Amino acid sequence: MNKHILCCLGLLAVVLMVTPGPAQAQPVRIGDFDGDLRTNAAFWRPWEGNWYVDSDVVAGGIVQQLGIGGDTPVPGDYDADGKTDFAVWRPSDGTWHVILSSDGSTVTATLGVGGDIPVPADYDGDGRTDFAVWRPSTGQWRWFSSQLGGGVRVFPASAGAFSRAGDVPVPGDYDRDGRADFAYWRPSDGMWHVRSSLTSAVSTMQWGFAGDIPVPCDYDRDGRTDMAVWRPNDGFWYIINSLDFTVRFHHWGNPGDIPVPANYGGDVRCDLAVWRPSDGTWYIVSTQDFATVTTIQWGFGADIPANVKLIKP
């Protein structure tokens, strides 16, 4: 059976939780380094430790040194000023290094060990990105709450009680309460598991197949993270709108591309986008009309797009 059809059949096994949220969606803030409410084309160059940001606000773009080879880029808004901060996580010692855009100061924190996967997000709803890691060996999330302060918080309390090695963590605000929910996608069966930070209930849905890359984002402008996958072998995006549960699939990208969905147009929704390492070009199509296309040549080869989810099946 055609995979387009199979993907949609997953809707028959839905156990989804719909909860009320704010009256108006908030802007999608992913990779907005210059504060203009749009995602910037940006990348981190591992062998230099330099960040390069293509900006319409800063003439000539932004270049910032932070990090060394072996680090993992983990940009986010750690100071709640509306701009994305340059940040890296160092697996060798579990340290986070962040340059705050609000005052240019550098902060460090220690959280995680080698083998962990960094999953920074705003888990407590205070507008700041929290330091967080997911530990595949136990399936547990560990994070510092920037709102509650003090100590490392762990979910779940028991190893293997929620997720396990081989899963792909996909945190996002699926219930529109202003906090990131603990969530993962299981490549072996294509199941999404989301624990609501609002109700603590867990919802599940089958969406995607082994080999797909999960690309959750708010594509329909309702303030909720939508479940979505990008299929590398054919370049198709498969999206479930959380607003009305309609299914969309669109072709955008080719094998070898890296999906980098984000709010490039400033219209409070995620656009479909890929970065092509072979020529360093960003290909972006607006999800408002699926007609407005933007291309940007920025980076090449082994560069790492700053807003990419580095967690792959």
Side-chain angles (χ1 to χ4, degrees), residues 14-30 74 76-80 82 84 96 109 111-112 116-136 138-164 167-186 191-205 207 214-228 240-243 245 261 263 268-270 309 311:
V14 167
V15 183
L16 260 186
M17 173 184 44
V18 181
T19 57
Q24 185 170 350
Q26 298 300 309
V28 178
R29 296 292 183 87
I30 304 173
V74 285
D77 187 1
Y78 294 88
D79 53 8
T84 296
W96 298 66
L111 178 67
D116 287 349
I117 295 174
V119 284
D122 180 10
Y123 295 96
D124 54 21
D126 67 349
R128 300 172 185 266
T129 299
D130 300 312
F131 302 117
V133 297
W134 180 73
R135 186 157 295 169
T138 64
Q140 292 172 307
W141 305 65
R142 298 169 183 269
W143 82 103
F144 287 133
S145 171
S146 52
Q147 180 184 45
L148 302 177
V152 178
R153 300 178 182 277
V154 180
F155 172 82
S158 302
F162 181 60
S163 53
R164 65 192 188 202
D167 293 338
V168 181
V170 285
D173 187 2
Y174 295 87
D175 55 14
R176 201 169 66 170
D177 69 343
R179 293 176 289 175
D181 305 305
F182 300 115
Y184 67 87
W185 181 71
R186 184 161 289 164
M191 293 294 295
W192 295 67
H193 300 252
V194 179
R195 179 188 181 273
S196 170
S197 55
L198 184 63
T199 66
S200 297
V202 176
S203 60
T204 62
M205 174 178 285
W207 196 248
V215 284
C217 211
D218 182 9
Y219 297 95
D220 57 9
R221 200 187 178 199
D222 70 342
R224 296 185 178 95
T225 298
D226 303 311
M227 298 177 186
I240 302 177
N241 287 342
S242 54
L243 180 63
F245 301 111
N263 177 27
V268 199
R269 74 181 78 220
C270 283
K309 299 296 183 182
I311 308 157

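We're numbering straight along the sequence, starting at 1. All values below come from the heavy atoms of this structure, side chains included, with hydrogens, waters and symmetry mates left out. Here the structure is a predicted model, which means the values were calculated and not measured.
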message: Using a 3.5 Å distance criterion without hydrogens, assess whether the side chain of Arg179 forms a donor-acceptor pair with backbone atoms of Ser197.
response: yes
- prompt: What's the shortest heavy-atom distance between Arg135 and Gly112, and which atoms?
  reply: NH2-CA, 4.1 Å
- prompt: Would you call the rings of Phe182 and Tyr123 parallel, tilted or perpendicular, where under 30° means parallel and over 60° means perpendicular?
  reply: parallel
message: Are the side chains of Ser242 and Thr225 in contact, using a 4.5 Å heavy-atom criterion?
response: no
- request: Look at the side chain of Ser196 and the backbone N and O of Thr199, then say whether any donor-acceptor pair between them is shorter than 3.5 Å.
  value: yes
message: Is any side-chain heavy atom of Ser163 closer than 4.5 Å to one of Trp134?
response: yes
Expected output: side-chain Asp77 to main-chain Gly82 donor-acceptor under 3.5 Å: yes
Heavy-atom donor-acceptor pair, Asp218 side chain to Gly223 backbone, under 3.5 Å: yes
query: Met205 and Ile240: which non-hydrogen atoms are nearest, and at how many Å?
result: SD-CD1, 2.9 Å
task: Verify, without hydrogens or angle tests, whether Asp130 (side chain) and Ala132 (backbone) share a donor-acceptor contact under 3.5 angstrom.
output: no
Distance-minimising heavy-atom pair for Asp126 and Ser146: OD2-OG, 2.7 Å
query: Shortest non-hydrogen contact from Ala180 to Ala121?
result: CB-CB, 3.7 Å
query: Any Lys/Arg nitrogen of Arg195 or Asp181 sitting under 4.0 Å from an Asp/Glu carboxylate oxygen of the other?
result: no
- line: For Ile117 and Pro136 the tightest heavy-atom approach is CD1-CG, 4.1 Å
- prompt: Counting N and O atoms only, with roles assigned by atom type, does the side chain of Arg176 sit under 3.5 Å from a partner on the main chain of Asp222, one being a donor and the other an acceptor?
  reply: yes
query: For Val133, does its backbone N or O pair with a side-chain atom of Asp116 as donor and acceptor, under 3.5 Å?
result: no
- request: Enter the distance from Met191:CE to Trp185:CH2 here, rounded to the nearest 0.5 Å.
  value: 12.0 Å
- request: Look up atom CZ in Phe162 and atom CG in Asp167, then write down how far apart they are to the nearest 0.5 Å.
  value: 9.0 Å
query: Atom CH2 in Trp143, atom OG in Ser145: separation rounded to 0.5 Å?
result: 8.0 Å
query: Within the side chain of Asn241, is there an N or O that forms a donor-acceptor pair under 3.5 Å with the backbone of Tyr219?
result: no
task: Ignoring hydrogens and angles, tell me if any N or O in the side chain of Gln140 forms a donor-acceptor pair with the backbone of Phe155 under 3.5 Å.
output: no
message: How long is the straight-line distance from CE of Met227 back to CH2 of Trp192, given to the nearest 0.5 Å?
response: 6.5 Å
- request: Give, for atom CG of Leu243 and atom CG of Asp220, the distance between the pair rounded to the nearest 0.5 Å.
  value: 5.0 Å
query: Which word best sums up how the rings of Trp96 and Tyr78 line up, parallel for under 30°, tilted for 30 to 60°, or perpendicular for over 60°?
result: perpendicular
query: So which heavy atom on Asp122 is nearest to which on Gly127, and how close?
result: OD2-N, 2.9 Å
query: Quick check: does any side chain N or O of Asn263 sit under 3.5 Å from a backbone N or O of Ile30, one acting as donor and the other as acceptor?
result: no
